[in-house]
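Numbering starts at 1 and runs along the sequence shown.
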Amino acid sequence: MRIFKNSVYSVDYLEASKTIQFNWEEGHLKMTYEDFQEACCNFLGYGFEYQARTILIDVRNFQFQLPPQFPEWQEQEHYPRYYKLGIEKVAYVMPEQYVSNAKEIAQEPGKFELRNFSDYDAALDFLHSS
């Protein structure tokens, strides 16, 4: 179910699996880094509203150049909101050529597991598995 859409991103809620899905739209190329951060924060707001337990992020058409300070912001500012929400699993869907170099996070108590996929259905299977 589509719950939000603008020119930069859209958000879907997959009720059966309590998954919040983030999709980058074509207009994201015109955004600033601050717009990017705002989109990420707004997206998680929907996660809180719908009490999501898993996250699916579709970056297959993501072309925005992230600055060098992004990983630090992600670890220090963004991921703590995932923990507060109680996210259990995160799946990224991306082009095949990027999967092997993408960061993954192993399952640990109190943290979410993060995996990367080139196939949307495989990502959903991961999110639905226990």
### Partners passing ring pair (Phe, Tyr, Trp, His ring centres under 6.0 Å) against Phe126 (at least two apart in sequence or in another chain)
Phe117
### Message
Taking the ring of His28 and the ring of Phe62, is the distance between their centroids below 6.0 Å?
### Response
yes
### Task
Flag the pair Val11 / Tyr13 as yes when at least one side-chain heavy-atom distance between them is below 4.5 Å, and no otherwise.
no
### Message
Does any part of the side chain of Ser10, heavy atoms only, come nearer than 4.5 Å to the side chain of Gln21, both counted from C-beta?
### Response
no
### Query
Taking atom types as modelled, is there a side-chain donor on Thr19 or Lys89 under 3.5 Å from an acceptor on the other?
no
### Task
Using side-chain contact (heavy atoms from CB on, under 4.5 Å) as the criterion, point out the one residue from Met31, Arg60, Gln63 that pairs with Trp24.
Met31
### Task
Taking ring pair (Phe, Tyr, Trp, His ring centres under 6.0 Å) as the test, write out the residues that go with Phe112, two or more places apart.
Tyr79, Tyr82, Tyr83
### Task
Specify the closest pair of heavy atoms between Gly47 and Leu85, including all atoms of both residues, with the distance to one decimal.
O-CD1, 3.5 Å
#### Entry: Check: His128 side chain, Asp125 main-chain N or O, donor-acceptor pair, under 3.5 Å
no
### Message
Rounded at 0.5 Å granularity, tell me how far CD in Glu25 sits from CG in Asp58.
### Response
9.5 Å
#### Entry: Aromatic ring proximity Tyr92/Tyr98, centre distance under 6.0 Å
no
### Task
Using a 4.5 Å cut-off on heavy atoms from C-beta on, say whether the side chain of Phe48 contacts that of Arg81.
yes
#### Entry: Beyond-backbone contact of Phe4 with Phe22, side-chain heavy atoms, under 4.5 angstrom
no
### His78 side chain reached by Leu44 side chain, heavy atoms, under 4.5 Å
yes
### Message
Keeping Asn42 on the side-chain end and Ala39 on the backbone end, is there a donor-acceptor pair under 3.5 Å?
### Response
no
### Query
Hey, are Glu75 and Lys103 close enough for a salt bridge, meaning a charged N less than 4.0 Å from a carboxylate O?
yes
